[in-house]
Amino acid sequence: MIADKIGPHHLERKAILYVRQSSAHQVLHNRESGALQYAMRDRLTALGFTEIEVIDEDLGRSAAGGVQRVGFERMVAEVCLGKVGAVCAREVSRFARNSRDWQQLIEMCRVVDTVLVDHETIYAPRHGNDRLLLGLKGSLNEYELDLLRQRSLSARYEKARRGELVVAAPVGFVKAGDRYEKDPDRRVQAAISLTFDKIEELGSARQALLWFHEHNLDLPTKQMNGDMVWRRPNYASLHRMVENPVYGGAYAYGRTAAATGYAVKGVGVKIRRKARADWLALKPGAHDGYVSWERFEAIRTMVSGNVPTSRHHGAPKHGDALLAGLIRCRRCGRKLTLRYSGAQHHIPRYSCTRGWMDNGEPRCIAFGGLRVDDAIEEALFGVVGPGAVAASMAAAEQAAQLRDQAREALGRDLEAARYTADRAFRQYDAADPANRLVAGELEARWNQALARVAEVESKIVAHEAASPTPAIDPAALALLGANLETVWSAPTTDARLKKRIVRALIHEVIADIDDAASEIVVVVHWSGGVHSEIRLPKRRRGQRNSTSADVIAAVRELALIASDDLIAGLLNRNGLQTGHGNRWTRERVTALRSHHRISVFRAADDGVEPWLNLSDAARVLKIAPKTLRLAAEAGEIEARHPLSDGPWIFARAALAADGAKSIAERARRKARYPAGPDCDQQTLFPSMT
C-alpha cells in the first residue's frame, strides 16, 4: 500500500528532509532527538530517493507561528515549483504546529502531488483518507502544543504564587535558589541605599538624578548578559528602582504583560504594565530589602504623586506660588491654572480656565495669588511656630550626625578604582616581559586603571573644595527657629522646600470668589482633618506694589511745613521706601502727592504760617524747643509727629489756646531754666550762618 503512494515521478524529483527543534536549549541538550531526525535520511534512501536535501535552518525556532521560519518557507517554495517528490520529518508535527502553515503545506503538496513521510507511514494528500488524517493530525498537533503550554504556565504561576519563581535578579540582588539576596558588594549596596535616601530627601526622582550628576556619581546597572557595570545614572534607572517592590523586600510577579502589536515593520511584541490589583503575586517581607516595605510604599507614592494630573498635586517646582497644584475651584472642582505676570514674571495669578480651554465653558474664577499666598503663609506660621524652636534643635542634632554621602560614595569609587589598578598591576607583573603582545596590552590596561584612580581623586579634591563642612551653632539655629518668618522670607530659602512644607501640612485648598462682598474665599483642608476658612478682600490691579498707607499719611502731614525735597530726605532718613522698594526722590514725592491730591507746601505771603515746626512754635511761645517738645510728648499741647525721626508739627491756632499759654507761663516761673532767649540779650559770638 505504501509502495503505491510513491511512484516513479516522485523518485525522479528530490526529497527534502526537514529538521527542526523548538528552542536553543533543545538543540544543545536534546542531542538524541536531533540524531533521530537526521537519521530519517536513511528511510528516504530506502524508499528509493537518490537526491536528498536536508533543511535545518530552523533549529531553535518554534513552529507555533510566532516567529519567521526561513527553512520552512524555502521548503514550501521548492514544493510549489514542483521540484520535490517527498518532504520528510521525524514526526509531521515538526513541519508546523499552527493551522495556517500546516494547511498551506498540505494544499501545496496536493496540487503538485508531493508525499509527506515520517517514521511511521507515508501520506499522499491527493488521497481523501490521508488528507483527512493529516487534517486531524494538524489539529492534534496544535492542541497538543496549547495543552503543553497551559500545563507549563500553570506550574509556573503556581510556583510564582508561592513566591519561589525567581527568573532574574535586578541590580543589587543575586539569585540564591528560590529567593533573592543582596549583592555581596558593599559598594553596590551603599549606592542603592543612597539612591532611596536622596529620592526621599529631595522629594523627586529627577532632583535625585540631578544630585548624582552634580556630584559625578555613578550607579550600578546590569547588562543583557547579566554583567554589572557602573554608569552615569539616568531617570529610567532611578524610576525602575522606585517602582520595583523587590527593593522593599517584597516578592512580585506578573507586573507586566506581553501584547502582540502590528506595525509597518511587521508583527511585534509590546510590553505593557499592569495595575497592582492585576499582579499574579505580591508578598511583602519575602527577603531582606534595601528599605522597609512601609518606607518603600511611601517613596513610591510620593514619586507617583509628582505627576501633575487631576488626582495628584505634581512635583514642587521653582516658581514662587505656594499653592501650585494644591488649589481647586469650588464651582467646577477643577484645578486652578497658574501663570506668572509682571515685569520680572514673578507675580502669580490663579485662574480656572481648564473648562473654557477644553470644552468652551465660561470661565469660573480668577484672582491674584500674592494675597492668598501671604494668608497661607500667616496660617502656616501659626501652626508651625510653636514647634519651630524644637524643630530647629532637632535639625541641628540631625545635621551633626549626618555624613557627607557624596564624599563617602566617592571614597567607595576610589577604593574600587585602586583595587582595579592593583589587579591590573599584578597581571602585568606576572606576564613575561619578552612577550610584548601580552605585556603591551596589560600595560595599557594598567595605565587606564591608574588614570581612573587619578580621575576619582580629582573628583574628591574638587568636592572637598566646593563643599567645606560648616560649623553648626545651636544657639543661632534656635534663634532662627524662634523667628521662622525671617527664615521663610530669606532669599536663599528654596521655593521647592517651601512647597514641600506646605504640602506636608495642607491636603488641599478650595477657592471661590464672593462677588457681592468682593472677597476671595479660601477653604484650607489641613492634613490632620481640620478645615479653616479665610476671607480676603479682592485686590485691584497694581494694588500689591502701592505705597504704604502710613507713608501716604506722613507725606500728607509733612506737606504742611516742608517741600518735596525735604520730605524725600525725611522719608529716606526713617528707612521708608516706595511700593516698589526704591528710595524717595523729589520727583517720586511729587508724583505721590499728585496721585493722592495732596497740596504742595507754599510759604504764606504775609509771613504768618498756619503750621509751624518745633523751633518756630517755640519762638512764638518764647520758650525753649526742648520744653515744648516735652510738653507735646506728654500730651499737654496738641501736636503732630508723623515720623519717629522727623519734625513736630504745630497749628498756630493751638499755640494761642489756654494750654499753650500755661506751658509758657510755667516755663517762665522756673528761674533755673530760662524760658527762652531774651530779645535784649546780646551774644559773645557773632553768628556764622
Side-chain angles (χ1 to χ4, degrees), residues 163 166-205 207-252 283-300 302-303 398 401-423 449 452-453 455-457 459-460 463:
V166 178
V167 181
V171 61
F173 290 94
V174 294
K175 290 175 60 176
D178 293 337
R179 62 191 307 272
Y180 294 105
E181 286 187 358
K182 285 185 178 181
D183 195 304
D185 191 344
R186 289 186 300 174
R187 183 188 177 196
V188 176
Q189 294 183 14
I192 296 178
S193 299
L194 178 61
T195 300
F196 281 96
D197 291 342
K198 298 311 295 184
I199 293 176
E200 183 179 29
E201 175 186 348
L202 300 177
S204 168
Q207 294 303 319
L209 174 67
L210 296 179
W211 184 87
F212 277 102
H213 287 181
E214 179 184 356
H215 293 86
N216 294 320
L217 298 179
D218 297 334
L219 287 181
T221 58
K222 275 194 175 182
Q223 295 180 326
M224 296 297 295
N225 57 2
D227 295 338
M228 188 178 63
V229 295
W230 290 81
R231 291 178 178 172
R232 183 180 177 90
N234 54 31
Y235 180 80
S237 60
L238 267 63
H239 198 269
R240 281 196 297 268
M241 290 185 184
V242 174
E243 291 293 333
N244 196 339
V246 174
Y247 294 98
Y251 174 85
K283 300 174 70 64
H287 57 270
D288 187 16
Y290 283 92
V291 293
S292 64
W293 177 247
E294 292 76 14
R295 186 183 173 196
F296 173 83
E297 283 293 278
I299 295 175
R300 185 187 66 84
M302 176 186 64
V303 174
Q398 184 180 6
Q401 298 175 358
L402 280 179
R403 300 167 295 177
D404 190 347
Q405 297 174 323
R407 176 62 178 83
E408 290 186 354
L410 290 173
R412 291 189 293 268
D413 292 347
L414 180 60
E415 182 180 355
R418 286 176 175 172
Y419 168 75
T420 304
D422 184 62
R423 185 181 62 179
R452 172 61 181 170
V453 172
E455 179 185 356
V456 178
E457 289 177 346
K459 289 182 180 180
I460 293 177
H463 172 75

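Along the sequence shown, residues are numbered consecutively beginning with 1.
- The residues Glu457 and Arg418 are annotated as salt-bridged, a charged nitrogen and a carboxylate oxygen being separated by less than 4.0 angstrom.
- Shown here is Arg231, whose CZ atom has no more than 12 heavy atoms of other residues, nucleotides or ligands within 6.0 Å.
- Note that the OH atom of Tyr180 and the NZ atom of Lys175 stand 8.0 Å from one another [nearest 0.5 Å].
- The local environment of NZ in Lys222 is crowded, with over 12 non-hydrogen atoms from other residues, nucleotides or ligands closer than 6.0 Å.
- If you take CZ on Arg232 and NE2 on His213, they are separated by 4.0 Å, rounding to the nearest 0.5 Å.
- Atom CD1 of Ile299 sits about 12.0 Å away from atom CE of Met241, to the nearest 0.5 Å.
- For the atom pair Ser292 OG and Glu297 CD, the distance stands at 10.0 Å (nearest 0.5 Å).
- Rounded to the nearest 0.5 angstrom, Glu455 CD and Asp413 CG are separated by 10.0 Å.
- Rounded to the nearest 0.5 angstrom, Arg412 CZ and Arg186 CZ are separated by 9.5 Å.
- Phe173 does not carry Lys182 over the face of its six-membered ring by the limits of under 6.0 Å from the centre and within 45° of the normal.
- The main-chain N or O of Val246 is found under 3.5 Å from a side-chain atom of His287 such that the two form a donor-acceptor pair.
- Around CD of Glu201, the count of heavy atoms belonging to other residues, nucleotides or ligands within 6.0 Å exceeds 12.
- Here the side chain of Gln189 pairs a donor or acceptor atom with the backbone of Asp183 at under 3.5 angstrom.
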